Amino acid sequence: MRLVSALLFLCTLLGSTEAGTLLMDASGGLRLKIPSISTSSGVVSIISSPGTKSFLSTLENNNGESGSDDTFLSLESDDPPCLACRGATLSGTSSVERTALATCSILSGAILVDGITQGDVEAGWRNSRHARTLTALFRARIALNCKTPQTLILCIKGEIDTAVAAATESTLRTEIKALFDATAAESEGKHAFSDYYNVKIVSVVDEAGANEALTLAREAAAENVDSDTTLASALEEAHERVRASGIASVALDPPHVAQAYVAVGNAYSKYARTARAKIVAWKNRVARGLLVEGFGADAELLRKKVLGSFDSETLAAAGLPLVAPYRLEMRSQLAQLVDSSIREVFAIQVNNLEKSTIKKLRAQLLKKLDVPVDDAPSENASAMRAASFAFDSTMSDLEVPSLSLTKAKACREMESKLTDEVMGFADSPIAQIQRTKKVTKVTRKEKKPGQRSIDFGLDLVAMLRPDGFGSLQGFAGYQLGGNSITFGIHNDADDPQTIAQFGGVRPPLLRIQPKLRVDVEM
């Protein structure tokens, strides 16, 4: 039953249009008489592999030899329109063949890549003819910005072991995407593989398998229909776009060239991340006003390691004329990233070092404010020499000679700044504030207590009162150390008021009053 269905389908394909109708000859131009077939059901293209037997296309005969050297693009069927063209070879591809491939690429909703052997799958696609074919298909759609959905069906000639089918499909999809990324690297802008293609992998070992692949392609083409027009109009439009863009005039790159683009891009991404990780750590430290220890040696090592490793991994690309300019551009961008960041970190550290040096010098000058006036110039000069030497020594660790980041200019500028700082320091606000603080401190200084002691003293007071009414009065005193004597005379013994104070009796003629004084100092 399966064989009968396949035969009925093939009869349907060949019913209205003769298989192998020529659409493009060796001149690269389209034939004048192209059937007016509607493309409302989509367009399918079969890319056969020269020299490999095909169950899908009549472009390759049953013996596996080229059917016609003058047939580059033909119409296999008309429901839906099914085109056929030859794929690339490792020996070379003509401009007409590249034109046919590019035309099919931008016109079709589904493309069947035929002639993939199990040997191709096992050996990988890096240097296979199919890699060149896919590169031509990818380049046309990327260059002409054809982002309409397209299904890419890979037809494997042979049974795929079920046990390894998943791994095989994953490997093929990875290699196809790598080829696309390599081709996209030739153009400006970002191109995602998923925006252009949907990949399916099928096994074609007989006509029944071919029938299933064609049915799958027809369904995919119907889903990816972009516009409803005739095949003649669609072919003319696509052919004109290809010729106007000049994309077919560029020889197909060998697969190793496409891989070289990917290798260069991957190497740039890898070592750009390595450089950024180190630079971010430096920037975080200098942002806090600190210095990176051994910065000069580390910067030289980072620059040498990053650029040297990039050169080593992309050395093969340097010998490829098509890839060498791209490699040079990527290397320049990598060098610019590293060099500009090193210069930025160096400048910030020099600024931090200048601030810390001047701060330390001011601290030393403040300590020398109390030195005698005659010694002040020599003391200040000594402090400036010490600061200048410390700055010079630290700058030696920051130098990056390969980028001309040396200490010479910074040291000259710093010496000038230090000289200005010393010359104007006496009248600077910080010096005036310091002097004011010292004056205030002296004026508010309290007398410090002496040693602890206990002192004794004798005070002797004597009073002589002779007869009289108070007409004579006098005092005399003498002090010796902690002792003192006071003597007084007052002739008021007959004065009624004095007598009254003593209870009606006369006051004593001589009165002596001793006093003992004790002084305790804690």
Side-chain angles (χ1 to χ4, degrees), residues 139 142-143 177-178 180-193 253 256-355 394-413:
R139 180 179 290 152
I142 292 173
K177 187 178 183 302
F180 178 87
D181 293 339
T183 307
E186 302 173 357
S187 305
E188 296 181 356
K190 295 183 178 179
H191 303 278
F193 181 74
D253 296 338
H256 67 275
V257 172
Q259 293 294 336
Y261 274 104
V262 176
V264 172
N266 290 342
Y268 172 80
S269 300
K270 175 182 177 181
Y271 292 108
R273 288 194 299 269
T274 300
R276 289 192 183 99
K278 188 71 172 178
I279 292 167
V280 166
W282 288 344
K283 288 185 176 181
N284 289 338
R285 183 171 177 81
V286 301
R288 303 195 303 269
L290 305 175
L291 302 180
V292 178
E293 295 183 5
F295 172 76
D298 288 350
E300 290 280 11
L301 181 61
L302 176 67
R303 191 171 185 273
K304 182 179 180 180
K305 178 181 178 181
V306 168
L307 296 181
S309 299
F310 178 85
D311 291 342
S312 177
E313 288 193 14
T314 61
L315 184 61
L320 301 175
L322 292 175
V323 190
Y326 175 69
R327 174 185 179 272
L328 180 60
E329 179 183 357
M330 290 296 99
R331 189 186 190 279
S332 299
Q333 291 183 12
L334 185 61
Q336 175 65 21
L337 169 67
V338 175
D339 295 350
S340 61
S341 300
I342 291 176
R343 288 190 176 95
E344 180 182 356
V345 175
F346 177 83
I348 295 175
Q349 289 187 101
V350 171
N351 185 54
N352 291 343
L353 183 58
E354 288 180 351
K355 291 180 179 179
T394 306
M395 280 298 303
S396 298
D397 294 335
L398 302 181
E399 285 185 309
V400 186
S402 61
L403 296 179
S404 299
L405 301 177
T406 61
K407 65 180 181 179
K409 181 179 178 181
C411 288
R412 288 196 301 270
E413 293 178 351

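These numbers come from a predicted model, not from an experiment.
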Side chain to side chain contact (heavy atoms under 4.5 Å, CB included) assessment of Phe295 paired with Val286: CA-CA 11 Å; Phe295 172 76; Val286 301; over 6 Å; no

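- Separating the CG atom in Asn284 from the CD1 atom in Ile279 is a distance of 12.0 Å, to the nearest 0.5 Å.
- Pairing each heavy atom of Phe346 with each of Met395, the nearest pair is CZ-CE, 3.8 Å.
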Verdict with supporting geometry, Ser340 and Glu344, side chain to side chain contact (heavy atoms under 4.5 Å, CB included): CA-CA 6 Å; Ser340 61; Glu344 180 182 356; over 6 Å; no

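- The shortest side-chain heavy-atom distance between Lys305 and Leu302 does not fall under the 4.5 Å cut-off.
- With hydrogens and angles disregarded, a donor-acceptor distance shorter than 3.5 Å links the side chain of Ser332 to the backbone of Leu328.
- Nearest heavy atoms, Val306 versus Ala275: CG2-CB, 4.3 Å.
- A distance-only check finds no donor-acceptor pair linking the side chain of Arg285 to the backbone of Ala281 [under 3.5 Å].
- When side chains are defined from C-beta on, Asp397 does not count as touching Glu293, because their heavy atoms never get closer than 4.5 Å.
- Across all their heavy atoms, Leu334 and Tyr268 have their closest contact at N-CE1, 3.6 Å.
- Between Ile342 and Trp282, the shortest heavy-atom contact is CG1-CZ3, 4.3 Å.
- The closest side-chain heavy-atom distance from Leu290 to Asn352 is not below 4.5 Å.
- Residues Lys407 and Leu398 form no side-chain contact, since every pair of their non-hydrogen atoms from C-beta on lies 4.5 Å or further apart.
- Residues Phe310 and Met330 have side chains in contact (heavy-atom distance under 4.5 Å, counting atoms from C-beta outward).
- Contact record, Ala260 with Ala317: CB-CB, 4.2 Å, taken as the closest heavy-atom pair.
- Going from atom CD of Gln349 over to atom OG1 of Thr394 covers 10.5 Å, rounded to the nearest 0.5 Å.
- Interatomic distance, Ser309 OG to Lys270 NZ, rounded to the nearest 0.5 Å: 7.5 Å.
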Full working for salt bridge (Lys or Arg N to Asp or Glu O under 4.0 Å) between Asp311 and Arg327: CA-CA 9 Å; Asp311 291 342; Arg327 174 185 179 272; 3.3 Å; yes

Side chain to side chain contact (heavy atoms under 4.5 Å, CB included) assessment of Lys355 paired with Asn351: CA-CA 6 Å; Lys355 291 180 179 179; Asn351 185 54; 3.5 Å; yes

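- One finds the NZ atom of Lys283 at 4.5 Å from the OG atom of Ser341 (value rounded to the nearest 0.5 Å).
- With contacts defined as side-chain heavy-atom distances shorter than 4.5 Å, the pair Leu307/Tyr271 does not qualify.
- At least one side-chain heavy atom of Ile142 sits under 4.5 Å from a side-chain heavy atom of Phe180.
- When side chains are defined from C-beta on, Glu300 counts as touching Pro401, because their heavy atoms get closer than 4.5 Å.
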Test side chain to side chain contact (heavy atoms under 4.5 Å, CB included) applied to Val400 and Arg303, step by step: CA-CA 10 Å; Val400 186; Arg303 191 171 185 273; 5.8 Å; no

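- How far CD of Glu413 is from CD of Glu354: 6.5 Å, rounded to the nearest 0.5 Å.
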